[in-house]
Amino acid sequence: MTYRFGIAAAGLAFVLAGAPLAAQERDAAMGQDAMMKPPQGTFAGAEGHRANGSYQITTAGGRTRLELGADFSVEKGPDVYVVLSPTEGVPAQGAVFLGRLRRFDGAQAFDLPAGTDLGGFSHVVLWCKKYSVAMGTAPLATADAMMAK
């Protein structure tokens, strides 16, 4: 009887000794998932124009894309582009034009050029090229900025 109790106690001690490690591994994995959350944001109208809805930046299959959410909409304009910008507007240099909107509402996706460093940008801008006006903006929270929070 004493022999079985000794084995059972040793087994229980072994399991309990591993419990803190398992909890630490779980907590580290959960923290890592939170840090891996993709940049995302919400649009607001700019310069008297109406815009709203969400976006997120995703990476899959070696491609990084800016995806507008199903809730996205912007006031109609003649020549509206999605732009990564270091400011709330679109400067003469330093902005990356991702593509022209295909629709003024709903989900759409735009590929980022290979090697684009998101750290150099602060906003996603909906830019009307014809009139050089921002129709909407959304702050771009990079992964570095989100980890600092």
Side-chain angles (χ1 to χ4, degrees), residues 10-149:
L12 180 60
F14 179 77
V15 169
L16 291 177
L21 181 59
Q24 287 172 351
E25 289 172 352
R26 182 197 68 231
D27 292 346
M30 288 174 63
Q32 185 176 17
D33 288 345
M35 289 189 302
M36 301 302 282
K37 185 176 178 183
Q40 58 188 9
T42 303
F43 286 99
E47 300 187 44
H49 297 279
R50 181 185 46 77
N52 57 52
S54 62
Y55 80 87
Q56 74 172 352
I57 294 180
T58 62
T59 302
R63 254 183 4 187
T64 302
R65 307 180 88 185
L66 185 141
E67 298 179 358
L68 302 177
D71 61 345
F72 169 79
S73 71
V74 64
E75 185 176 318
K76 290 183 180 180
D79 203 18
V80 183
Y81 284 77
V82 176
V83 182
L84 293 177
S85 178
T87 67
E88 286 188 47
V90 175
Q93 295 181 355
V96 175
F97 283 71
L98 300 181
R100 188 176 181 169
L101 285 178
R102 293 177 289 285
R103 297 181 307 282
F104 296 103
D105 60 4
Q108 302 171 59
F110 301 86
D111 289 336
L112 274 65
T116 300
D117 177 11
L118 293 176
F121 304 101
S122 64
H123 286 81
V124 178
V125 180
L126 303 171
W127 183 253
C128 176
K129 264 189 174 181
K130 182 174 182 175
Y131 295 111
S132 296
V133 64
M135 299 187 67
T137 64
L140 177 64
T142 63
D144 291 340
M146 289 190 320
M147 286 192 308
K149 286 184 178 179

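Given the structure is predicted, the values throughout are model-derived calculations rather than measurements.
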*Which pairs, with at least one residue in residues 117-129 and sequence neighbours excluded, count as a side chain to side chain donor-acceptor pair (under 3.5 Å)?*
none

_Give me each pair satisfying side chain to side chain donor-acceptor pair (under 3.5 Å) with a member in residues 44-58, each pair once, sequence neighbours excluded._
His49-Glu75, Asn52-Ser73, Ser54-Asp71, Thr58-Glu67

_Residue pairs, two or more places apart or on separate chains, that pass ring pair (Phe, Tyr, Trp, His ring centres under 6.0 Å) and touch residues 57-77_ = Phe43-Phe72

*What are the two closest non-hydrogen atoms of Lys130 and Asp79, and how far apart are they?*
N-OD2, 3.4 Å

*Which pair of non-hydrogen atoms, one from Val125 and one from Ala134, has the smallest distance, and what is that distance?*
CG1-CB, 3.9 Å

*For side chain to side chain contact (heavy atoms under 4.5 Å, CB included), just list the numbers for Phe121 and Thr116, CA-CA rounded to whole Å, side-chain angles, deciding distance to a tenth of an Å, and then say yes or no.*
CA-CA 10 Å; Phe121 304 101; Thr116 300; 3.8 Å; yes

Side-chain polar contacts of residues 89-115 - donor-acceptor pairs under 3.5 angstrom, sequence neighbours left out - could you list them?
from, atom 1, to, atom 2, distance (Å)
Arg100, NH2, Pro78, O, 2.7
Arg102, NH2, Ala109, O, 3.0
Arg103, NE, Asp105, O, 3.4
Arg103, NH2, Ala107, O, 2.1
Gln108, OE1, Arg102, N, 3.0
Gln108, NE2, Arg103, O, 2.9
Asp111, OD1, Arg65, NE, 2.8

*asked:* Which residues pass the side chain to side chain donor-acceptor pair (under 3.5 Å) test with Thr59, not counting sequence neighbours?
replied: Thr64

*Under the side chain to side chain contact (heavy atoms under 4.5 Å, CB included) rule, what do Leu84 and Leu66 come out as? Steps first, then yes or no, please.*
CA-CA 10 Å; Leu84 293 177; Leu66 185 141; 4.3 Å; yes

_Can you confirm whether Thr137 sits close enough to Val124 that some side-chain heavy atom of one is under 4.5 Å from a side-chain heavy atom of the other?_
no

